[in-house]
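Here's the structure, in structure tokens; my notes come after.
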Amino acid sequence: MAKSRHRSSNHDSSLSPTAARSREGPSRWTDYLGAEMASPLSSGSSRSFFSDGQAHSTAGSQSHKGLNMQLVVQLTEVAEGLMAKMYRLNQILDYPDPINHVFSEGFWKAGVFPNHPRICVLLSKKFPEHFSKLQLERIDKQTWDSMQDHAELHLQSLEQWVQLLLDLMVFREQALRLILDLSSTVITLLPHQNSLILHAFMDLFCSFVRVNLFSEKIPRKMLLQVYNLLHALSRNERDCDFYHGLVQFIDSYDPPLKGLQEDLNFVSPRIGEVLEAVGPIIFLSTDTRKLRNEGFLSPYHPRYPDILTNSAHPMRAQDLANVTSYQEWVLLGYLVCPDELLRVTSIDIALVVLKENIVLTLFRDEYILLHEDYQLYVLPRILESKKMAKSGRTKQKEADLEYNVAKQVEKMISEVHDQAILSCDAIHRERRILLKQEIGRMVLFFTDQPSLLAPNIQMVFSALALAQCEVIWYFQHVGIASSKSKTSRVVPVDIDPNDPTIGFLLDGMDRLCCLVRKYIAAIRGYSLSYLSSCAGRIRFLLGTPGMVALDIDANLKGLLQQIVLHLENIPKPQGENISAITCDLSEFRKDWLSILMIVTSSRSSINIRHLEKATVSTGKEGLLSEGNAAYNWSRCVDELESLLSKHGSLRKLYFCHQHLTAVFRNTMFGPEGRPQHCCAWLGIASSFPECASPIVPEEVTKIGRDAVLYVESLIESILGGLEGLINILDSEGGFGALENQLLPEQAASYLNYASRVSIPSYKSPKGASGFPLPGHESFPENSSSIKMLEAAMQRLTNLCSVLNDMEPICVLNHVFVLREYMRECILGNFRRRLLGVLKTDNDLQRPSVLESLIRRHVSIVHLAEQHISMDLTHGIREVLLSEAFSGPVSSLHLFDKPEEQHTGSATESVCNWYIDNIIKDVSGAGILFVPLHKCFKSTRPVGGYFADSVTDLRELQSFVRIFGGYGVDRLDRMLKEHTAALLNCIDTSLRSNRDVLETVAASLLSGDRFEREASVKQIVDLETVVSFCIQAGLALAFDRLLAEAAGAILEEGAPLIHSLLAGMVKHLPDEIPEKEEIRRMRRVANTQGVVSDHDSQWVRSILEEVGGANDGSWSLLPYLFATFMTSNIWTTTAFNVDTEGFSNNIHCLARCISAVFAGSEFVRLEREHQQRQSLSNGHASEAMDPEYPSHMSAEGSIKSTMQLFVKLSAEIILDSWSEINRSHLVAQLIFLDQLCEISPYLPRSSLESHVPYAILRSVYSQYYADTPSTPLSILSSSPRHSPAILLSHGSPVIRQPRGDSTPQYGGNDSGYFKGSSSSHGHEHHHLYEADSGGSRSMDNKHRNVRRSGPLDYSSSRSRAKFVEGSTSGSTGPSPLPRFAVSRSGPLAYK
């Protein structure tokens, strides 16, 4: 092939940069070398070689006997720069396919080529024809004109890339000349004799081949043709000066392998020798059995385990570190020098390597399909040799041998592709398993015996290099598809993406590198000791008779003496100050390389063979062997980090980081995944930025950004796995399976079943009862689930421990501290779990269940916290506080709530549910308050539960434990807001109906029944006001329960504070108006349920906050409430003895009336006092007003107001009764009695003067008498029934009291349940519910009620009330007959 070089000096001024760059010499490649080449200590071995080789550049040039190795290493680095630039061009052009002329839309929009596809593609396809012969103006005249108009602009965009083509051509000339020169002058290139020069030579050889193979992937033809066209258009039809030279260069390398095989034909024999020489090491690396059995990667001697230092084959173990390079030499060497395959031993070497590889990496993630190129470019040469051998041009014996070898090579190349597709993954998997085991043993051994790490450091490097090779091979082949040329179909390579050995290898490499860095001082000390002893051996060798007899010139003799001086001047390590020793041995290595360059050159009078003969006769290692060993150990002194980076760095995996993430996710949390592996997976990213090329500045930013995204992606996966482990444990199949407890009814069912079976010892009630028994997890059939839990716990604790101890991951200026990520993950997961379990599929979760779920999750967090050096409990409390906090507590905090304050979403959600579903009953579930059991019930489920399952005192206590005082305050405020709106309706009604109410008051006082009834009918929205008051009573009852629950929890958790509150309330001054401090203290006590009159204090606080009861119309409040007795609601209600309440919550109306009377009276008196103070204008005489209101006067006023209400109500009730309209009588009488029971200001004696006790006793006796019958019908309207018959229509209901008052829960636990007398054992189930004018009954479970019925006179407060009234049941005229009542009845006077 012609090797032209364009040296024209007649360049245009516009092409001056190109002209300047066209000169030869080292200065030409400045742009491709980058700043790192100037650094004396760089990470790459070739760069180190380059800096070491600089010293000899002058000496070698002066003597003309040495090799100029500086240019060798420089051109190797130039090759990297050229490939980086071509890679960048491909990125910009959206990875075109110039061979098949396929160009994407992004190619034309990149701004490199003119956006005229027709002309550009035609020029590329017609290469090397000149554009003048193609008549382009006829193809597309418009495009032609456009290119002429913008020729200069397009020229500028193409300038730097055409320069790249010119640099490729010059590089080809210089590198080829240097390769040929080395091949002809270097005496030996055997690895055991001249490994340093050999590696430099082969690195240049492989780089030269790679550059030219990679150049095929850029649009060379289009680039040159379009540039020349534009140049001609702007330079009067003149071609650019280097056009014809580049045409010849591109044409000769089209395809590149054709040109490479021709150009390297002269060095082919030397390449064949090198490949034969490295064959044994390649065979050894592929023989996993021999590696394992002979202990090449073991610190133990293979045959003498007691000998800890493996001295069996140190050189072979050291050579294993270069296996990756050797395999690359084989693949590229036989590809471009196919004739060397005809050597007898070459076929086995090629077969071993080809069988293990599918692709050949050119640069980064660019590769060629290896077997396709061997079949296309190597096989024809073999067939040609076979044909020539068959023709018999040589001697018959040699011809037969050559023919047979060629035939074997032909068969090997034809069959090895299929073998590789089938077996390459299995071969490498076996090797990965071997390395996993050996590296694992190494880590354990050197951790236990760190003093033996230094003598075996070369073996460590070999293990790291082999593992590095396997990991990179794995990720380079994942997702690769190889086409078979015979059938032209694509066959995917079967690479297992779930191979767990990758994680073990990464972890082993990471731990080995950490051990080397940890004991770097010991390794330096051992290396220095070796070099010191080596100095004596080399001085001895230099004084042997053989060396003295050699005629060594002064230059070489001086270098040899300088070597000895370098080694003798090495500081001696003493004591523990090795780490403080700073020793730069770069001068020693430069001098030794200078010696090698001289003695390996055929031009030198003294060469390597002379030195070996002169020194080997001593029976010891030769001079060159000692020098090469000293060179290698010297690098362990001051370049150990560079060696570690060379053999242990995985920065090349950046170009496979998508596969990295996928394999990590598939293997990390698989059955063989290990939590500790995640450190190694993350640590890879720290080396990613090293992949950036210095000649492409923008790569640093892109690779850094990708590395950060990779780390973030892995951290997300790791934390997702951590969340998954926590959630597995925090599930019904996890710790939930260990928390099964029998509810009382389940235990009863179990006992009933157990009593029926004959042999309960072997008959399990599990199947019959339908629920698992406690301890079922201990059964043998459940052992697998317990093992799963144990494995999850072990993996969780291991992962937490690993993440806690992991060093920060540094990627450029980003630092990732996994411990902080883990904390945020655990707390974030807890927050999500809290909000997730807050609601079930149907509705709100029961607070008690929610509390148990939170405790379970917190126990798992505590389990993890034992392995984390941070306080997670504090974080859990912060999460609970943030979800519960909804602003300052109104009765405790004086600061205002800031705007846009975050409110606890969990608290808000729960409180809204209670308001909507319990108080407002938006779902229409029939919510009823049960005074006897202090809970709410519903006729059908509210969401997933009946109302009593979420409103029982025990459930509210769980609510308080979860959300604390903030949750109680939030729910209390929402209840207050809702009640304030309802009380505002009372105020509105009083104002709008003031005139009517005044008429009603006058008619009641005058006894004018007809006028009263006419006026009552004029009251607007009476029924609405009644319903609102009932709802307000529900809110009062709920808040009372909430206060009791809060008080119980306070007493449980802080009994001293609860005792202080309870004692303080008794001694608070009763004055009107109250001071602000006293008012706040009373409100605090009221929220904890330690105030006796909760309802009136609560309504009082509401009215004070909203400014209610500030109008004179409130004096008509008793009359408004009295008119409630005329409401239609009385005709649709029924009293239930099981609940001591009414079927439509009328008993809540009594609670509301009592509280509103008291609260409004207190507020009225305070307001009157304030008005008098404002009118007094500050005079002291008036301040001492004898009418100064007191608490006693307020109570008297409340009492008189309520007595007025009772009087008016009784009058309306009794006046409205008749034979025709009597359905309301019983309910209204019981209502008045309950009002006296609820209100602390209204004694029962107040009712005696209006409704005799005999009537009430008769009413209650109908409910509690002994005769079983149907429920009392209060809706009967028969005119024939007398009042006695009416009240005796319903028979008493028998009830069986129970000793405890704990409410039972069940799935169908709703409604109201009948009671039973203490003297009867039989039971009758009745449910009283008013529905469209009738009553209905249904069976249900038992409820526990007190024996004395709804009226309990045993308390001191009740006794005090009856002091004022008569104790005789016959006082006053009674419209109803009297009945004899036993002392066990509802009224017991003692």
Side-chain angles (χ1 to χ4, degrees), residues 847 884 888-894 929 931 933-935 951-976 979 1033 1035-1105 1151-1152 1154-1155 1158-1159 1162-1163 1191-1192 1194-1195 1198 1237-1241 1301 1352 1354-1358 1360-1361:
V889 177
S890 54
S891 56
L892 291 175
H893 300 154
L894 296 178
F929 176 62
H933 298 149
K934 291 186 177 180
C935 69
T951 59
D952 177 68
L953 193 60
R954 185 173 58 182
E955 299 295 330
L956 293 179
Q957 287 176 357
S958 295
F959 169 84
V960 177
R961 287 192 196 95
I962 297 169
F963 299 108
Y966 289 111
V968 172
D969 182 71
R970 178 58 181 162
L971 187 52
D972 180 76
R973 274 189 283 130
M974 294 179 72
L975 288 168
K976 280 184 176 179
T979 307
L1036 282 164
F1038 190 90
D1039 194 77
R1040 179 65 178 268
L1041 290 178
L1042 181 64
E1044 287 186 23
I1049 299 304
L1050 181 64
E1051 187 174 14
E1052 174 188 320
L1056 291 179
I1057 296 179
H1058 184 273
S1059 175
L1060 177 65
L1061 277 176
M1064 175 196 66
V1065 168
K1066 298 176 182 178
H1067 301 285
L1068 287 178
D1070 294 330
E1071 57 184 21
I1072 296 179
E1074 288 181 333
K1075 295 180 180 178
E1076 182 61 29
E1077 293 78 8
I1078 302 298
R1079 180 182 290 110
R1080 288 180 58 214
M1081 293 173 70
R1082 200 181 296 278
R1083 288 181 181 177
V1084 171
N1086 201 34
T1087 59
Q1088 302 303 317
V1090 296
V1091 176
S1092 58
D1093 187 16
H1094 167 273
D1095 294 352
S1096 59
Q1097 292 293 338
W1098 198 64
V1099 171
R1100 177 183 179 182
S1101 65
I1102 293 174
L1103 293 175
E1104 287 173 350
E1105 290 175 5
R1151 188 179 293 272
C1152 172
S1154 172
F1162 279 119
V1163 171
H1191 198 273
M1192 293 298 294
E1195 288 186 358
I1198 295 169
E1237 170 72 16
I1238 290 171
S1239 176
Y1241 306 102
S1301 60
D1352 184 5
S1354 61
S1355 65
S1356 59
R1357 185 179 67 84
S1358 300
K1361 289 182 181 181

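Reckoned from all heavy atoms, side chains included, excluding hydrogens, waters and symmetry mates.
Looking at F1162 and L1103, their side chains never come closer than 4.5 Å, going by heavy atoms from C-beta outward. With a 4.5 Å cut-off on side-chain heavy atoms, V960 and Q957 do not count as touching. Put simply, the side chain of N1086 reaches to within 4.5 Å of the side chain of Q1097, judged on heavy atoms. The side-chain heavy atoms of T951 and L1041, taken from C-beta on, include no pair separated by under 4.5 Å. Put simply, the side chain of L1061 reaches to within 4.5 Å of the side chain of L1050, judged on heavy atoms.
One finds the CG atom of L1036 at 9.0 Å from the OG atom of S1154 (value rounded to the nearest 0.5 Å). In this structure, L1042 CG and Q1088 CD are separated by 9.0 Å, a value rounded to the nearest 0.5 Å. The OG1 atom of T979 sits 7.5 Å away from atom CG of D1039, with the distance rounded to the nearest 0.5 Å.
When all heavy atoms are compared, the tightest approach of A1155 to V1099 is CB-CG2, 3.5 Å. Counting all heavy atoms, side chain and backbone alike, A1035 lies closest to L975 at CB-CD2, 4.2 Å. Of all the heavy atoms in V1163 and R1100, the pair that sits closest is CG2-O, 3.9 Å. The minimum heavy-atom distance linking L953 with A1045 is given by the pair CD1-N, 3.8 Å.
Side chain of T1087 to main chain of V1084: a donor-acceptor pair is present (N/O by atom type, distance under 3.5 Å, no hydrogens or angles). With hydrogens and angles ignored, the 3.5 Å screen pairs no side-chain donor or acceptor of S1059 with any backbone N or O of P1055.
With sequence neighbours left out, the salt bridge (charged side-chain N to carboxylate O under 4.0 Å, His left out) criterion links R1040 to E1044.
No more than 12 heavy atoms of other residues, nucleotides or ligands lie within 6.0 Å of CD1 in I1057, so this atom counts as exposed by the packing criterion.
Of the residues M1081, R1080, R1079, the one that meets the side-chain contact (heavy atoms from CB on, under 4.5 Å) test with R1083 is R1079.
The aromatic rings of F959 and F963 are tilted relative to each other, their planes meeting at an angle between 30° and 60°.
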